[in-house]
J.: 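This is the structure I have questions about; it appears just below.
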Amino acid sequence: MKLKSQINNVIKDAFKNAGIEYEPMSVSEATKPEFGDYQFNGAMALSKKLGKNPREIAQNILDNMELTKVVNKAQIAGPGFINLWINPDWLALECEKAISDDRLGISKNDKPQKVVVDYSGPNMAKQMHVGHLRSTIIGDTLSNLLTFLGDEVIRQNHIGDWGTQFGMLIAYLEMKDEDGLVSLKDLEQFYKDAKGEFDANADFANRAREYVVKIQSGDEHCLELWKNFIDISLGHCEEVYGKLNVNLTRDDVRAESFYNDSLSKVIEVLDDKGILKESNGAKCVFLDGEEIPVIVQKGDGGYLYATTDLAALWYRANELGAKRISYVVDARQGGHFKQVFKVAKDAGFVPEDVKLEHIAFGTMMDKGGKPFKTRDGGTVKLIDLLDEAVIKAKETIKNRDEYTSQQIDELAKIIGIGAVKYADLAINRESNYIFNWDKMLSFEGNTSLYMQYAYARIQSIFRKYNSTIDGKIIISDELEHRLAVMLLRFEDVLSRSAEDASPNQITTYLYELVTLFMRFYEQNPILKDGVKDDIKMSRLKLADLTAKTIKQGLDILGIKVVDKL
RNA sequence: GCGCUUGUGGCUCAAUUGGAUAGAGCAUCAGACUUCGGAUCUGAGGGUUAGAGGUUCGAGUCCUCUCAGGCGUACCA
């Protein structure tokens, strides 16, 4: 249900009837319950244009407004706000429609777009660490969300599988095991050992350098070892994706190396367009007003990540046909993307109408506000963090004797991983945030457990009721009215969240919804003695739609729900 | 130096993209249980939105300056 546009239509009609020729600004949600459900603030803005005072304009709009089906009450307040109340009968009807639809009444985009979402991007030489968490889950949420809204999403995992360090790793892999079939149990350790050998052993270091050349010139034996290494390394990532409940598969992998053959072409095209300049031996593109150029080829002939990104942009816009390309990457790379996007458009790698965006996010900090590290100052491996989350989640489970140990494990996974993901997604992605176990595993406040608890409670009601629902929704008091409006706002929230690529709009909404539901539930008994049958049915239906909305919302965030906590 | 970015109660975060008296949670204090799961709900105190100007009918939000922090700044990704 596109609730806001329904209200906007009422305003638009009123404008037409009143003979106001301007396009009205959109209504917004009322800031307080006593101001109704929605408010129109456009009368003040029109004051200057029309040369009348705002209240007079508001009155004119009001006089020409149809107050029946959708909006059944409107009032002028303050300097010229128009407060709007939605017809409860209409609300009830729309909620009914949402319940009986498996998409909760949410339409699919009638103009679906092809969207590339580039996220996760682990480096194959190292274990995934906490720095990869945000990219992985924000990107995954955005992909889930756009898919749900009907776009054609192409997930791209731009893994780092190319570069000088691989010569060292391959040489070490061969040294440890002739066949190169070593199981890289601890990638981090393997990297350290290889580096140690590289620094201590000149012979080895030379061999490593030779390997770089060999891999790049396509030596079969070396390529075999390299592929093997990447394969094992990717397996580690998949383990993490599995634990995180993230929808990334091998099919989504387009590694850096995938673009190797296109790199010389990138340089060629830039040269043809006349925007390539040589500076200090390197090939560069200088952008207007910027002192520092984009270097696309080093003095020694090597290519850089800007070159690969340009090749990737070309591929995504032309081969994949994307109309929106979203890079979910750390905010620190803002300068890089700004430049690369500009070059790509200038050089015609990407058509003008394609939207390029850097979905930037801030850094995860510890309690003291310093970047998140282990006690000895190293990076925290993502897999360790997730395992710890599950262990901590297990400790929070009450009444453990009611479950089998297998059930507890399963529950702990859902709770622990959900808590980590929710805590991250609930924060405005552009700001840095403080990682806090106690806060994220709390049942209070805007946490996944508060949502899970509400969901489980509703399921518990239905277990107890254990019968079919036969009746209609009747909006009988203010809380029910507000709950119904909130439920119908879901689609607007999702659209906005998709547009801005901001998952926290979904979490904020869910929190408001659940808070409202808890109040409703506290005040309006459902199954207690003395509740009349038609009221009981209506409240069961509102509870049902609330549960479905929570579930759908969390599902987009990649968080599972359980019927019983 | 230049560029980007952040600054909101003691703490952690919101604020419908310029709208009415800046909202939540934690913590503090005070209430509500013969529990439809109290892991809940109700209420109170706590704010010059870093500071100073400006634009506007209207500013936490936009512009300018100042202060404080973070990040980036030519051959790593």
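Below, chains carry the letters A, B, ... as their sequence lines are ordered, and counting in each starts from 1.
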J.: Just to be sure I understand the rule, does A:Asn83 reach a base, reach only the sugar-phosphate, or reach nothing, if contact means heavy atoms closer than 4.0 Å?
T.: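 The answer is base, as A:Asn83 lies within the cut-off (heavy atoms under 4.0 Å) of a base atom.
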
J.: In which stems does RNA chain B show up, taking only runs of three or more Watson-Crick or G-U wobble pairs whose two distances fall under 3.5 Å?
T.: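 Runs of three or more consecutive pairs: B:1-7 with B:67-73, B:10-13 with B:23-26, B:28-32 with B:40-44, B:50-54 with B:62-66.
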
J.: For A:Glu522 and B:C33, give me the distance from atom CD to atom P, rounded to whole Å.
T.: 12 Å

J.: Extract all donor-acceptor atom pairs below 3.5 Å that involve side chains of residues 519-537 of chain A and protein atoms in other chains or at least two apart in sequence.
T.:
| from | atom 1 | to | atom 2 | distance (Å) |
| --- | --- | --- | --- | --- |
| A:Asn524 | ND2 | A:Asp477 | OD2 | 3.0 |
| A:Asn524 | ND2 | A:Glu480 | OE2 | 3.1 |

J.: Distance check needed: B:G3 P versus A:Glu291 CD, whole Å only.
T.: 10 Å

J.: Taking the six-membered ring of A:Phe490 (Phe, Tyr or Trp), confirm whether the NZ or CZ of A:Lys548 is under 6.0 Å from its centre and within 45° of its axis.
T.: no

J.: In whole Å, I'd like the distance from the CD atom of A:Glu290 to the C1' atom of B:G3.
T.: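 Interatomic distance, CD of A:Glu290 to C1' of B:G3: 9 Å.
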
J.: Stacking here means centres under 5.5 Å and planes under 30°; does A:Phe81 stack on B:G19?
T.: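 No; by the centre-distance and plane-angle rule, A:Phe81 does not count as stacking on B:G19.
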
J.: Hey, is the side chain of A:Lys48 poking within less than 4.0 Å of OP1 or OP2 on B:C57, counting only N and O atoms?
T.: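 It does, given that an N or O in the side chain of A:Lys48 lies less than 4.0 Å from OP1 or OP2 of B:C57.
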
J.: Roughly how far apart are A:Ile159 CD1 and A:Ser120 OG, rounded to 0.5 Å?
T.: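 So the CD1 of A:Ile159 and the OG of A:Ser120 are separated by 10.0 Å.
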
J.: Check whether any side-chain nitrogen or oxygen of A:Ser460 sits under 4.0 Å from OP1 or OP2 of B:G37, and answer yes or no.
T.: yes

J.: Between B:A20, B:U16, B:G70, which nucleotide has the shortest distance from any of its atoms to the side chain of A:Ala77?
T.: B:A20

J.: Using whole Å, report how far CG of A:Asn432 lies from P of B:U8.
T.: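 Rounding to the nearest Å, CG of A:Asn432 and P of B:U8 are 13 Å apart.
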
J.: Go through B:C13, B:C71, B:G38 for me and flag the one nearest to the A:Tyr433 side chain.
T.: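 Closest of the options to the side chain of A:Tyr433: B:C13.
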
J.: Whole Å only: how far is the CD1 atom of A:Ile295 from the P atom of B:A74?
T.: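 Spelled out: CD1 on A:Ile295 to P on B:A74 is 8 Å.
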
J.: Measure from CD on A:Glu430 to P on B:G7 and round the result to the nearest Å.
T.: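 Going from CD in A:Glu430 over to P in B:G7 covers 11 Å.
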
J.: Between A:Phe35 and A:Phe435, just flag the one whose closest nucleotide in RNA chain B comes earlier from the 5' side.
T.: A:Phe435

J.: Rounded to the nearest Å, what distance is computed from the CE atom of residue A:Met440 to the P atom of nucleotide B:U12?
T.: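 Checked: the CE to P distance equals 14 Å.
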
J.: Check whether any side-chain N or O of A:Tyr453 sits under 4.0 Å from OP1 or OP2 of B:G38, and answer yes or no.
T.: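 Result: yes.
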
J.: B:C41 phosphate, OP1 or OP2: any side-chain N/O from A:Tyr450 under 4.0 angstrom?
T.: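 It does, given that an N or O in the side chain of A:Tyr450 lies less than 4.0 Å from OP1 or OP2 of B:C41.
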
J.: Counting only side-chain N and O atoms of A:Arg457, is one of them less than 4.0 Å from OP1 or OP2 of B:C36?
T.: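 Answer no for this pair, as no side-chain N or O of A:Arg457 is under 4.0 Å from OP1 or OP2.
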
J.: Under a 4.0 Å heavy-atom cut-off, which of residues 529-547 of chain A touch RNA chain B?
T.: none

J.: Would you indicate whether the side-chain heavy atoms of A:Trp85 and A:Gln75 approach each other to under 4.5 Å?
T.: yes

J.: Side chain of A:Gln39: nearest nucleotide among B:A20, B:U42, B:C76?
T.: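 Out of B:A20, B:U42, B:C76, the nucleotide with an atom closest to A:Gln39's side chain is B:A20.
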
J.: Measure from the side chain of A:Tyr511, starting at C-beta and using heavy atoms only, and say which of B:A24, B:C36, B:A74 lies closest.
T.: B:A24

J.: If I take atom OH in residue A:Tyr521 and atom C1' in nucleotide B:C36, what distance separates them, rounded to the nearest angstrom?
T.: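 Checked: the OH to C1' distance equals 5 Å.
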
J.: Looking only at side chains, do A:Asp309 and A:Tyr259 share a donor and an acceptor under 3.5 Å apart?
T.: no

J.: How would you label the contact of A:Pro79 with the nucleic acid (heavy atoms, under 4.0 Å): base, sugar-phosphate, or nothing?
T.: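 Here A:Pro79 touches no strand at all.
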
J.: With distance as the sole test, does A:Thr507 use its side chain to make a donor-acceptor pair with the main-chain N or O of A:Asn504 at under 3.5 Å?
T.: yes

J.: Among B:U16, B:G19, B:A24, which is the nearest nucleotide to the side chain of A:Arg496?
T.: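 Closest of the options to the side chain of A:Arg496: B:U16.
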
J.: In terms of ring plane angle, is the pair A:His129 and A:His132 parallel, tilted or perpendicular, where the classes change at 30° and 60°?
T.: tilted

J.: I'd like to know if A:Thr31 reaches the base of B:A15 with its side chain such that a donor and an acceptor end up less than 3.5 angstrom apart.
T.: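 By the distance-only test, no, there is no pair.
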
J.: Provide the distance between the two C1' atoms, one in B:A14 and one in B:U56, to the nearest whole Å.
T.: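 Their C1' atoms lie roughly 25 Å apart.
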
